[in-house]
Amino acid sequence: MRLYSTLQRKLVELPPPPVEIGIYVCGPTVYQRIHVGNARPYVIFLWLRRWLTGRGYAATLASNITDVNDKIYAAAPGHSSELAEQATRWYIEDTDRLGLGRPDAEPKATETMDDIIRLIAELVASGHAYEAGGDVYFRVASFGDYGQLSGQKPDQMTEQEPNPLKQDARDFALWKATKEGEDTSWDSPWGKGRPGWHIECSAMAAKLLGPAFEIHGGGLDLVFPHHENELAQSRAAGQEFAHIWMHNGLLRLTGEKMSKSLGNVQTLERVLDEWGRETLLLFFMTAHWRSPIDFSPATMEAAREQAWTFRNAFLHPPERQPARGWEALEAALDEDFSTTEALAVMHEWRAAGQLEQLRRALTLFGLETLAESERAPAELEEMARRRQAARATSDFAEADRLRDEIAAAGWEVRDVSDDPGYQLVKKD
RNA sequence: GGCGCGGUGGCCGAGUGGCUAGGCAGAGGCCUGCAAAGCCUCGUACAGCAGUUCGAUUCUGCUCCGCGCCUCCA
């Protein structure tokens, strides 16, 4: 299997199974409900873990929850930990609704503090970091490969807010001394404080996956500075760290009038309420994981239609010549995990009526519910029967009236040749 | 300004040096009391300009346009 890696800027071959594949994905900073965009890496990497597991790998997925951070302090002055706890519950609740299960580990920064402090101390001891006024900074000049991941040239970076404690404008904080108004702090060799933004990921990844692991994932917007800094810290500490760096494309919001303010993002909660999990998952499948994807009513509507055609295949199986076998899906996903090609293969199976194969593929993507049909309430069954009776006596006015009534209840009646002569299908 | 990605038929979105992506929407037909679902048929696209080549949408260069990142960001 091959995956595109930002670090090597090319497709990188995974070692053949069975081997352990450690995957670390940057999860959210918890201070509000996550938005649809945050759900993309969550979905992609849970799918990937499923696929790798099915391919015979021992895949372990770790995805962190950053629960100490400037943004959390800013969002809830004086009670940041309560907000972090609340937002963590929201995150679990919202992502649970995707129905894909959970990562193998979801470490919290606040529960990894010993490892974080130990890692910083190591970097200080080896001269890759220095203490200044209770803060600790990473010495970028001490790490020759800095900039390798993002392609950013260190000498071209400019500092936004000059920090006199830094020896070099490019240096970044590993540890920050507690400031006025911050309601949480931890003891460290450098006094009370809390970790900087990047260090927690280095510490958690090493703790859970070891000093060398296969895949590190996250949104494209994390390449710099977050991942560049993670890589620098961990490599400077003598770890190989991640081999392959996967960065998913970002969601773009279009087709909706922007409310001018920054608050135009849609929460995952709202999207799930409005469109349902099946449509959202299918929507994510319609773009390659590295491509940007437009989130709009039109693109979501198209995804919903695709869900509908898959569902219909199980209600009314077509009989056609057999299409390609399972290996077609393997070929699609083994080459840079192309869900778009996988989708094309699945449509092929749908049209060919290869339903068991299709069901297996849908299950992989958490869409097995499309293969299940819901039983209609008894009163609707009764109405459908009365409609059949009306049709039998050519009372089409009554038959159409009943059909409208059933439709109003959110169901569709279809005339079929099989036994009861009708079929009730729930509409979205 | 620096780094990087991309421009494919009405829309979304793959892919390939010469041979079918796929989905949605649309047109016609079959089926149906009418529908729905399903089936059949239909679109000859690859930003522009040069170049390499027997042949380029696919390789190279340039131009135009769009997007992401450049210490808040999945």
Side-chain angles (χ1 to χ4, degrees), chain A residues 6 9 25-29 31 34-45 63 69-71 74 140 147 149-153 155-161 163 169-173 196-198 217-226 228-229 247-252 262 265 268 282-283 285-288 290-294 296 298-313 315-320 332 335 338-348 350-351 353 390-391 394-397 399-400 403-404 407 412-417 422-423 425 427:
Chain A
T6 310
R9 298 183 212 295
V25 180
C26 283
T29 295
Y31 65 108
I34 64 163
H35 58 80
V36 230
N38 294 309
R40 178 123 98 139
Y42 186 89
V43 169
I44 288 167
F45 289 102
S63 183
N69 186 289
D70 285 333
K71 280 188 292 191
V140 169
L149 179 69
S150 64
Q152 300 287 330
K153 290 173 184 153
D155 53 354
Q156 271 164 329
M157 292 173 206
T158 51
E159 196 178 21
Q160 294 205 323
E161 288 170 44
N163 178 345
R170 304 165 306 169
D171 293 348
F172 54 89
W197 177 31
H198 320 292
L220 195 60
D221 53 350
L222 293 180
V223 176
F224 189 88
H226 187 54
E228 190 72 65
N229 290 355
H247 290 105
N248 62 273
L250 306 180
L251 241 68
R252 289 190 301 232
L262 323 165
V265 292
L268 175 59
L282 233 359
F283 168 73
M285 281 191 79
T286 60
H288 184 95
R290 278 193 281 132
S291 302
I293 182 169
D294 284 315
S296 70
T299 54
M300 288 298 284
E301 195 54 56
R304 172 181 278 173
E305 287 304 322
Q306 292 205 44
W308 189 237
T309 64
F310 280 127
R311 190 184 285 291
N312 281 324
L315 297 167
H316 185 103
E319 288 162 28
R320 298 257 317 281
E335 182 69 1
S338 178
T339 55
T340 45
E341 282 202 62
L343 243 196
V345 172
M346 286 159 68
H347 277 293
E348 199 177 287
R350 186 212 74 209
R391 290 181 68 224
S394 293
D395 185 358
F396 298 122
D400 290 349
R403 178 163 62 200
D404 289 346
E412 185 176 281
V413 231
R414 295 176 183 169
D415 303 334
V416 294
S417 52
Y422 66 86
Q423 193 167 52
V425 183
K427 295 288 285 184

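So that the names make sense, note that chain A is the first sequence line, chain B the second, and so on, each numbered from 1. These numbers come from the heavy atoms of this one structure, side chains and all, not from hydrogens, waters or symmetry mates.
Counting distance only, with no hydrogens placed and no angle test, the side-chain atoms of A:Asn312 and the base atoms of B:rA36 include no donor-acceptor pair under 3.5 Å.
Between A:Gly219 and A:Gln306, the one whose closest nucleotide on RNA chain B sits nearer the 5' end is A:Gln306. Summary of the strand contacts: A:Thr309 and A:Phe172 both lie near RNA chain B, and taking for each the nucleotide with the nearest heavy atom, the more 5' one is attributed to A:Thr309.
Using a 4.0 Å heavy-atom criterion, one finds that A:Val345 contacts no nucleic acid atom at all. When heavy atoms are screened at a 4.0 angstrom cut-off, A:Asp400 is found touching base atoms of the nucleic acid. Across all strands, A:Gly217 comes closer than 4.0 Å to no nucleic acid atom at all (heavy-atom distances). Heavy atoms of A:Gly37 sit under 4.0 angstrom from at least one base atom. Using a 4.0 Å heavy-atom distance criterion, A:Arg403 is classed as a base contact. Within the 4.0 angstrom heavy-atom criterion, no nucleotide atom of any strand lies near A:Arg290.
Between the side chain of A:Gln423 and the main chain of A:Val413, no donor-acceptor pair closer than 3.5 Å is present. A donor-acceptor pair is defined here as one N or O able to donate and one able to accept, closer than 3.5 Å; such a pair exists between the side chain of A:Ser338 and the backbone of A:Glu341.
Using a 4.0 Å cut-off between a side-chain N of Lys or Arg and a carboxylate O of Asp or Glu, A:Arg414 and A:Glu412 qualify as a salt bridge.
Across every strand in view, B:rC34 sits unpaired, with no contact that passes the Watson-Crick or G-U test at under 3.5 angstrom. As the counterpart of B:rA50, B:rU60 is assigned, both hydrogen-bonding distances of the Watson-Crick or G-U wobble pattern falling under 3.5 Å. Nucleotide B:rG66 has B:rC5 as its partner under the Watson-Crick or G-U criteria, with both atom distances under 3.5 Å. Base pairing annotation: B:rA21 forms no Watson-Crick or G-U wobble pair, as no partner gives both donor-acceptor distances under 3.5 Å.
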Please enumerate all protein N or O atoms sitting under 3.5 Å from an N or O of nucleotides 9-15 of chain B, with distances to 0.1 Å.
residue	atom	partner	partner atom	Å
B:rA14	OP1	A:His288	N	3.4
B:rA14	OP1	A:Ser291	OG	3.1

Run A:Met346 and A:Met285 through side-chain contact (heavy atoms from CB on, under 4.5 Å) and show every step you take. CA-CA 11 Å; A:Met346 286 159 68; A:Met285 281 191 79; 4.0 Å; yes

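Checked by atom type, the side-chain pair A:Thr6/A:His247 shows a donor-acceptor distance below 3.5 Å.
Using the six-membered ring where Trp is involved, A:His198 and A:His226 have ring planes that are tilted, between 30° and 60° apart.
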